[in-house]
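First up is the structure itself, then whatever we jot down about it.
Basis for what follows: all heavy atoms, side chains included, without hydrogens, waters or symmetry-related copies.
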Amino acid sequence: MQFLKKFRDIFLALLPIMVIVLFVHFFFYKFDTGVLIRFFVSAILICLGEVLFLTGVDSTIMPMGDLMIGCVNKASKLVIFVMFAIIFGFCATIAEPDVTVFSNQVISSGLNVSKTVLNFCIGAGVGLLVALGVVRIVKNIKIKYIYLALFAIIFVLCTQVKSEHIAIAFDAGGATTGIVTAPFLLAISSGLTVKFSKDSNKEVFGMVGLASLGPIIAVLLFFTFAGGGTVESITESSDSLLFISVLMNASLAIIPIAVVFCIYDLIFIKLPLRRKLDFVIGLVITFVGLFLFLFGIDFGIADMGYAIGDFISGLSMPLIIVFCIALGFIITFSEPSVIVLSRQVQTSTKNNIPYIVVMLAIAVAMAGAIMLSALKIIFDINFFYIILVGYLIALILMFFVPDIFTNLAFDSGGVASGPMSSAFLLPIMIALASQTSSAVDGFGLIGIVGMCPIVVIQVLGLVYRINVARTERSAHKKAIRVTYGIDMYSNIEKLEAHHNKLMKEKGNERKI
């Protein structure tokens, strides 16, 4: 019963994409029959795979993580926390479906970069920044100052590489923290803040946002020192080769987590044999689910994204903008992480900002992000300028909003782009860019999608702060009315003016 419920929820999440595809097919642009059939077969495979994958994550991967985090929390030395953060941050990132989907898109675009090296850079970047997040919590360092230092490094590195390399780096950061990595990071952050932080409710957020910056720095460093990035011709692969490729990707994602857990179990945990067998079965379920998910993505979802990109490339610029805005707004509601984040904001603000307001704000940000990505391609805008302006606004807002909103905002940037952004939206932009310049110019979408919610959530934080101040002023006036025995309909402004006048007169008398 629970399996069917999860399948239904995931299917409903994919439904907006299916409706868009059918709407375009029947009214505007006839897709190839093979592409259309593969798309809907892929949708079913993705639903089935994601249900199995999430079942394995909930029953096996998360308990394994909790056991390891529990062992680490018993330690008192900071070096142990840091080592665990680096190792497990790396392994969890390698297992992240979003990362696999994104690296496949980079390779399929014709960029001559090793997929293994790219994944290693992304995983290492996450591991190192999670370690920094651990040190921040233990030492009670303000996160806004860390963000300022990290973005200073990022902007300096951006001046040393090409625009398309910057776009790939920011896309890597946006694709990193997904359905595997984010729960682990929140669990690590929660455990550490309870133990070390004075304000655990506020400091529990921020780890995901920091982890998202790690791959940006790592990939930029790779392109800075290794150069790389020549565009080669793309060769089509058969379904049999696709099967083998996905099988290897799924294996390389699950094996590192299993190996690390085995080492922890042998040294620290020492589970009974029956529990170990349960974990083995759970890992097999997780592997099968991940395989079906990745196979579905590569089998038909990406191809449909390229087909829609070819379709919109033939439209006029106003129609492209309208289509991108509509697509971005609708597809937001297919991302479960956006719903979770919206609920978190409502809870954190004590219902002052309803979750539906957050949902609509992120939907508008998503629509703007896709539109901005399309305009970048059409007008050949340097991606660095877009990111520079957007993140400067975000960094300035940090000093005018409550800290919890800064933490939430950067976390939201890390989770706003789900697998569909890498598998469906990014191919649309790559196909659009292929018609005008080069496929690699289509990258940058995930980076922009990750940036826009950061600004939007902080703007909501500014609104929240203004509302709180207004409420406090109202409560202050009400208290004065009660104190002076005046009813609710009195003119409090006149009363305060009269009081200030008396105080001023007394001050003048003293001077005389």
Side-chain angles (χ1 to χ4, degrees), residues 1-11 13-14 41-73 84 87-101 119 123 177-188 190-191 242-299 336-337 418-419:
M1 193 68 181
Q2 190 70 18
F3 181 89
L4 293 176
K5 184 178 181 299
K6 286 183 178 180
F7 186 90
R8 182 201 64 191
D9 292 342
I10 294 170
F11 180 80
L14 287 174
V41 171
S42 294
I44 300 300
L45 289 175
I46 287 172
C47 290
L48 182 60
E50 193 165 352
V51 170
L52 291 173
F53 180 75
L54 291 176
T55 300
V57 168
D58 292 339
S59 65
T60 304
I61 302 295
M62 291 303 296
M64 287 167 58
D66 290 339
L67 287 171
M68 287 187 281
I69 292 169
C71 291
V72 174
N73 277 338
F84 171 79
I87 294 171
F88 211 71
F90 176 83
C91 292
T93 303
I94 296 299
E96 185 61 61
D98 294 16
V99 173
T100 303
V101 172
N119 285 347
T177 47
I179 53 181
V180 176
T181 316
F184 275 123
L185 296 181
L186 289 173
I188 293 172
S190 177
L242 175 62
F243 182 91
I244 296 172
S245 175
V246 174
L247 190 66
M248 291 179 61
N249 290 335
S251 301
L252 291 173
I254 299 299
I255 289 173
I257 289 181
V259 170
V260 171
F261 180 75
C262 286
I263 294 172
Y264 265 83
D265 181 61
L266 287 172
I267 299 175
F268 303 108
I269 305 172
K270 299 178 181 178
L271 290 174
L273 180 61
R274 183 177 180 83
R275 189 76 187 279
K276 292 178 182 177
L277 290 176
D278 290 339
F279 278 155
V280 170
I281 294 171
L283 284 173
V284 171
I285 294 173
T286 306
F287 170 80
V288 172
L290 182 59
F291 172 81
L292 290 175
F293 178 86
L294 295 176
F295 188 83
I297 291 289
D298 290 339
F299 184 71
S337 57

Quiz item: Looking at F243 versus F291, is the centre-to-centre ring distance below 6.0 Å?
Solution: yes
Quiz item: What are the two closest heavy atoms between F299 and V41, and how far apart are they?
Solution: CE2-CG1, 4.1 Å
Quiz prompt | Spacing of CG belonging to L48 relative to CZ belonging to F11, to within rounding of 0.5 Å | solution = 13.0 Å
Exercise. Answer yes or no: is there a side-chain heavy-atom contact under 4.5 Å between I94 and V99?
Key: no
Quiz item: Any idea which heavy atoms bring A253 and A95 closest together, and the distance?
Solution: O-CB, 3.0 Å
Practice problem: Calculate, to the nearest 0.5 Å, the distance between atoms CG and CZ belonging to L67 and R275 respectively. | Solution: 5.5 Å
Quiz prompt | By side-chain contact (heavy atoms from CB on, under 4.5 Å) - contacts of T100 (at least two apart) | solution = N104, K115, N249, L294
Exercise. Look at the aromatic rings of Y264 and F268 and report parallel, tilted or perpendicular, splitting at 30° and 60°.
Key: tilted
Quiz item: Atom OG1 of T93 and atom CG of N119: how far apart are they, to the nearest 0.5 Å?
Solution: 10.0 Å
Self-check item: L52 side chain reached by F287 side chain, heavy atoms, under 4.5 Å
Solution: no
Quiz item: What distance do L290 atom CG and S251 atom OG have between them, rounded to the nearest 0.5 Å?
Solution: 9.0 Å
Quiz prompt | Nearest-0.5 Å distance that lies between atom CG in D265 and atom CD1 in I263 | solution = 11.0 Å
Quiz item: Can you check whether D298 reaches V101 side chain to side chain, under 4.5 Å on heavy atoms?
Solution: no
Quiz item: Tell me, do F90 and P256 make a side-chain contact under 4.5 Å, heavy atoms counted?
Solution: no
Quiz item: Looking at V260 and C91, what are the two nearest heavy atoms and their distance?
Solution: CG2-SG, 3.3 Å
Self-check item: Closest contact, heavy atoms only, L271 versus K276
Solution: O-CE, 3.0 Å
